[in-house]
Amino acid sequence: MPAPLRASSSPSSLQGLSGKLWALPFSDVLAIWDALDDRGHDLAAVATLALTDRYYLLVKVLRRLDVWHPWLYERCREVEASPDGHLDVWARFHYKSTLITFAGIIQEVLRDPEITIAIFSHTAPIAKGFLSQIKTELETNELLKVLFPEILWANPTVQAPRWGIDAGIVVRRLGNPKEATVEAHGLVDGQPISRHYQLRVYDDVVTPESVSTPEQNTKTIRAISQSDNLATESGRTWWIGTRYSFADAYADLMERHVVSPRVYPATHDGTRSGKPVLFSQAVWDERVKNQLEADIACQMLQNPLAGTQRWFNPDDLQAYEARPETLMVYLMVDPARSKKKSSANTAMAVVGIGSDAGKYLLDGFDHKMNLLERWVNLRDLWRKWLTAPGVIGVKVGYERFGAIADMDYFEERIRVENVQGLTIEELEWPADGDGSKDDRVQRLLPDIRGHAFHLPYEPKDSEPDLSEKQRRMIQAGYEYRIAKPIIRRNENGELYNLADRFRMQVAYYPFTGLKDLIDAVSRIYDMEPRAPEFIDSTVLEPEET
């Protein structure tokens, strides 16, 4: 018969151990735990360790022996050391929700029963699933109730003022805020109103449904932004999830530096052929065999670009320090219209073709515009490049569905402003539809993979503003050919770099949400693009007889 449990009279002897415990090697931790809690018989020590050591809480108090693994031990220690403001995107089935959402929330409640916590998932049923697991644990774990009787109800379904999946759960606390101790809400289908939480836990706010269309993706991003108003003044956040697209809400959070990412793929080097960090080799081989490459890349490797389904390699894009001396220029416009569900910005791309048949991104825009702004920007780009030295002609193409609505106004402005020579070609092929954008964009593959597409050269911070070649060009009187960053200001007055936008869309295609600029560039193939041609005037002179 095991020795009876007893409470230590001096639990303070364990205080301040968290840093030392977190530094223990995995091989030593069990022996240290046994020494500190007398193999689980010292209840006061058990309680203190549960508050101090999340891995101890999970293994010894919450009885989750399935997490006994050195890789999971390391992840738990990392999360404990820095829990707030991180985005933990780990491979599926790698226990991120168990370590963070489940054990982490329980530990927060035990440390401070006055805390208010909201779990947010993409939809309410997902969030309520997390809360249900926590609720059941606090109802049925008798050891927890013995360790923390001043916090946990003996019979919460009867004693607690609120104890349900819909209303949330409330532990023993002194205060009586309108928020429950832990609540669960959908991010896009029912955010609470007039409530504020000290800790917001975002788990699975990105799902396959949330990235199924640009509208759904934008809806998720906006819902995350709106949920920030549900924080207390010093509110904290935890973010846990799986990547499904490089244009998803997690990408937006990282790009805006809202979160600090911790990314852990299923293999040691993030590749399909790498050594699995948690699965056995046999299990990993079976998953690789059974799952589509895109699923392995996104859900297991946390990197859609890890698969061969990536269309482009951004390293294939070339940088030009100076454009060719002679160019044929094409201006393509893909306007944002309500009929185009995939479109959010009006994209205008100015691409020049040199005598080498290479294509050069020269100018353009990629942001929301009204009708007047579309006209002014189109007109000004056409004028600018028509009169640029070395340009032998400018052809203008306008996506047909935008032209249907805009062309009457443009024709009026051409007449009123006496804009002579401006002809706008309507670009119709291929027909608008879910697959048409991909059909158009794939035509860029030969030029990009063949290193024939060029973006303006931009020096790095450690480099001089002008390269040696550019300085020589200026000395020779060709300053107009020097590559310059294409910096524009969007509808909110914020600056953006057009070449960076294009490079990003190339890198992430087809996973990027916004595809307007790359689509506009691809429209050059609808305009019978040609390199500039010359006729030597000397051959037209009569021969001397």
Side-chain angles (χ1 to χ4, degrees), residues 47 50-51 54 57-58 61-62 64 79-80 83-86 88 95-145 147-187 189-205 224 227-232 234-241:
L51 298 175
R54 189 181 300 185
L57 169 68
L58 191 57
V61 181
L62 303 182
R64 290 297 301 270
V79 169
E80 286 177 305
D84 300 336
H86 289 277
D88 284 280
Y95 288 84
K96 53 188 176 294
S97 295
T98 299
L99 294 175
I100 302 173
T101 304
F102 175 61
I105 287 179
I106 290 176
Q107 189 178 54
E108 288 287 331
V109 172
L110 298 178
R111 287 174 171 175
D112 178 14
E114 305 301 317
I115 195 171
T116 55
I117 302 174
I119 303 172
F120 291 105
S121 300
H122 184 66
T123 59
I126 301 174
K128 291 177 180 180
F130 294 122
L131 177 57
S132 178
Q133 184 185 19
I134 295 169
K135 173 178 172 288
T136 300
E137 191 70 33
L138 300 186
E139 289 173 355
T140 61
N141 191 315
E142 297 303 323
L143 177 57
L144 269 180
K145 297 177 185 179
L147 294 174
F148 302 99
E150 74 284 1
I151 298 173
L152 302 179
W153 306 98
N155 187 0
T157 58
V158 175
Q159 297 172 294
R162 275 187 277 172
W163 198 263
I165 299 302
D166 294 329
I169 60 175
V170 175
V171 300
R172 294 179 183 269
R173 60 186 184 183
L174 298 177
N176 185 31
K178 57 181 175 293
E179 299 84 5
T181 304
V182 187
E183 299 178 9
H185 299 284
L187 190 68
D189 66 345
Q191 287 189 31
I193 299 173
S194 299
R195 297 190 183 188
H196 303 283
Y197 305 95
Q198 293 167 297
L199 174 62
R200 288 165 291 140
V201 179
Y202 296 85
D203 199 333
D204 281 344
V205 296
I224 290 174
S227 72
D228 188 63
N229 292 317
L230 300 175
T232 60
S234 58
R236 298 180 289 139
T237 58
W238 299 348
W239 304 83
I240 308 99

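Position 1 is the first residue of the sequence; numbering continues from there. The structure displayed is predicted, hence computed values, not measured ones.
- Residues Leu99 and Arg54 come closest through the heavy atom pair O-NH1, 3.0 Å.
- Residue Thr140 holds its OG1 atom at 10.0 Å from NZ of Lys135, rounded to the nearest 0.5 Å.
- Using modelled atom types and a 3.5 Å distance limit, the side chains of Asn155 and Gln159 yield no donor-acceptor pair.
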Problem set entry | Ile119 and Ile134: CA distance, side-chain angles, deciding distance, side chain to side chain contact (heavy atoms under 4.5 Å, CB included) verdict | CA-CA 11 Å; Ile119 303 172; Ile134 295 169; 4.1 Å; yes
Exercise. Can you list the steps and then say if Ile105 with Trp238 is a side chain to side chain contact (heavy atoms under 4.5 Å, CB included)?
Worked result: CA-CA 10 Å; Ile105 287 179; Trp238 299 348; 4.2 Å; yes
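- Note that OG1 of Thr181 and CD1 of Ile169 are 6.5 Å apart. Values are rounded to the nearest 0.5 Å.
- Closest heavy-atom contact between Leu57 and Leu110: CD1-CD1, 4.4 Å.
- Listed for the Thr136 side chain is a donor-acceptor partner under 3.5 Å among the backbone atoms of Ser132.
- Closest heavy-atom contact between Lys145 and Leu152: N-CD1, 4.2 Å.
- Note: Tyr197 and His185 have tilted aromatic rings, judged against thresholds of 30 and 60 degrees for the angle between ring planes.
- For the atom pair Arg200 CZ and Asp84 CG, the distance stands at 11.0 Å (nearest 0.5 Å).
- Heavy-atom minimum distance, Asp204 versus Gly241: OD1-CA, 4.2 Å.
- Heavy atoms only, all atoms of each residue included: Ala167 and Ala180 are closest at O-CB, 3.9 Å.
- At least one side-chain heavy atom of Phe148 sits under 4.5 Å from a side-chain heavy atom of Leu51.
- Asp189 and His122 make their closest contact through OD1-O, 4.0 Å (heavy atoms, listed as atom of the first residue, atom of the second, distance).
- Between Trp163 and Leu138, some side-chain heavy-atom pair lies under the 4.5 Å cut-off.
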Problem set entry | Verdict with reasoning, Leu144 to Leu62, per side chain to side chain contact (heavy atoms under 4.5 Å, CB included) | CA-CA 8 Å; Leu144 269 180; Leu62 303 182; 3.7 Å; yes
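- Using a 4.5 Å cut-off on side-chain heavy atoms (C-beta onward), Phe102 and Leu58 make contact.
- Using a 4.5 Å heavy-atom cutoff, the side chains of Asp203 and Ile126 are not in contact.
- Looking at heavy atoms from C-beta onward, His196 lies in side-chain contact with Glu179 at the 4.5 angstrom threshold.
- With contacts defined as side-chain heavy-atom distances shorter than 4.5 Å, the pair Phe120/Val201 does not qualify.
- Looking only at side-chain heavy atoms (C-beta outward), Asp228 and Thr237 stay at 4.5 Å or farther from each other.
- Contact annotation: the side chain of Glu108 approaches that of Arg236 to within less than 4.5 Å [non-hydrogen atoms, C-beta and beyond].
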For this session: Please lay out, stage by stage, how Lys96 and Asp88 fare under the test salt bridge (charged side-chain N to carboxylate O under 4.0 Å, His left out).
Result: CA-CA 7 Å; Lys96 53 188 176 294; Asp88 284 280; over 6 Å; no
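- A search for side-chain contact (heavy atoms from CB on, under 4.5 Å) contacts involving Gln198 returns Ile115, Thr116, Thr232, not counting sequence neighbours.
- Between the side chain of Glu114 and the backbone N or O of Gly175 there is at least one donor-acceptor pair closer than 3.5 Å.
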